[in-house]
Amino acid sequence: MTYSVRILLLLSLCFGLLAVLAGYGLQERHLEYLVRILSQSGIPNPKNLEKLRLLPATLRLAGLEAFLSAGLVLFFRKKVSATVGQLSRQLSSRQVLFLFLLGVDLAVAFLMLNFGTVELKRRIQANGRMTNQDIVASDYGQDYLLMWTLKSRTPEDANILIRTNNDIKYLLNYDLYPRRFYFYPDPERLAAEIPEEWQDCYHIAWILEIDNQDPRKFLLVKRR
């Protein structure tokens, strides 16, 4: 077995071991800390936390795949050694660097694929006999009522001013498209204090105020 193949085998084993240990070692408190960092407002977002709960299973799956890759390298070590040896003699340093970066990209792609696989399995198990409306409501969680209110009360071409300090990026998606949402540069200013000139500039037709402490409390009014 050549030196390059040994390095490849060692990297696969180390990655697999670290991924499995991290997958079993991550606890709920660690996930809550991570989601607080990722949140725009610094407040743990339930949707982000639900996504991060899939991280341990994703890492364990990636670790098992790394061990499987290492096993395949060992099983086909002669062919792998010959191929790697031939490539090392033919490729320049820049080409080797390109292959290394390509390998990193492929590793990230596999992690994303694993995450999607774990999420799909969870959704199939959780949805069961739920109706489409129940599934949508479950996806939005506490934001479902707000999303439904915007979709049912405002026209599709509405320009809506939103005033809140909460992280509401999950509301700004295809379910509300093509509505357009605007935020005043000063988030602390009340909607009644926002200059009319600024609202006229963006053709604001609706004003949505969301409670900073409880995003389930909101007020949607049509601008006069």
Side-chain angles (χ1 to χ4, degrees), residues 1-128 135 138-141 167-170 172-174:
M1 187 182 300
T2 63
Y3 177 76
S4 299
V5 175
R6 290 178 181 176
I7 293 296
L8 179 63
L9 181 61
L10 181 61
L11 288 175
S12 298
L13 291 174
C14 289
F15 175 81
L17 180 61
L18 290 175
V20 171
L21 291 177
Y24 283 104
L26 283 175
Q27 304 295 326
E28 184 72 13
R29 65 178 185 276
H30 301 140
L31 300 179
E32 291 178 356
Y33 176 75
L34 287 175
V35 76
R36 189 175 290 109
I37 295 176
L38 296 174
S39 176
Q40 296 176 349
S41 61
I43 302 174
N45 186 289
K47 295 297 295 184
N48 283 338
L49 182 58
E50 190 67 23
K51 291 287 186 180
L52 281 181
R53 286 196 177 107
L54 304 178
L55 184 58
T58 302
L59 290 174
R60 292 195 295 269
L61 179 58
L64 291 176
E65 290 173 345
F67 287 139
L68 178 61
S69 299
L72 291 175
V73 170
L74 280 175
F75 186 79
F76 297 103
R77 55 185 177 274
K78 292 184 178 180
K79 293 184 179 180
V80 174
S81 297
T83 302
V84 172
Q86 184 178 2
L87 288 176
S88 63
R89 291 189 297 269
Q90 295 177 350
L91 298 178
S92 64
S93 57
R94 289 186 178 181
Q95 291 174 324
V96 172
L97 178 60
F98 172 78
L99 289 177
F100 174 77
L101 295 177
L102 179 62
V104 173
D105 289 340
L106 288 176
V108 174
F110 270 109
L111 285 174
M112 296 178 63
L113 181 61
N114 288 343
F115 186 87
T117 301
V118 173
E119 183 178 22
L120 178 61
K121 179 183 177 181
R122 180 192 64 84
R123 289 179 65 89
I124 292 176
Q125 292 176 339
N127 291 345
I135 294 174
S138 176
D139 286 341
Y140 281 103
D167 181 4
I168 58 171
K169 61 183 179 181
Y170 290 100
L172 313 182
N173 56 33
Y174 63 89

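Since the model is a prediction, treat every value here as computed from it, not as a measurement.
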Pair listing, side-chain hydrogen bond (donor to acceptor under 3.5 Å, both in side chains) test, anchored in residues 101-117, at least two apart:
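Residue pairs passing side-chain hydrogen bond (donor to acceptor under 3.5 Å, both in side chains), neighbours aside: E65-N114.
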Mind checking side-chain contact (heavy atoms from CB on, under 4.5 Å) for I7 and listing every partner two or more places apart, or none if nothing turns up?
Y3, L11
Going by side-chain hydrogen bond (donor to acceptor under 3.5 Å, both in side chains), name the residues that satisfy it together with Q27, two or more places apart in sequence or in a different chain.
none
To the nearest 0.5 angstrom, please state how far the [atom1] atom of [X] sits from the [atom2] atom of [Y].
X: L9; Y: L72; atom1: CG; atom2: CG; value: 11.0 Å
X: F110; Y: L61; atom1: CZ; atom2: CG; value: 10.5 Å
X: L26; Y: L31; atom1: CG; atom2: CG; value: 5.5 Å

CZ of F67: more than 12 outside heavy atoms within 6.0 angstrom?
yes
Quick check: closest heavy atoms across L54 and E119, and the distance to 0.1 Å?
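That would be CD1-CB, 3.6 Å.
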Show the atom names and distances, to 0.1 Å, of all donor-acceptor pairs under 3.5 Å that link a side chain in residues 13-23 to residues at least two apart or in another chain.
none

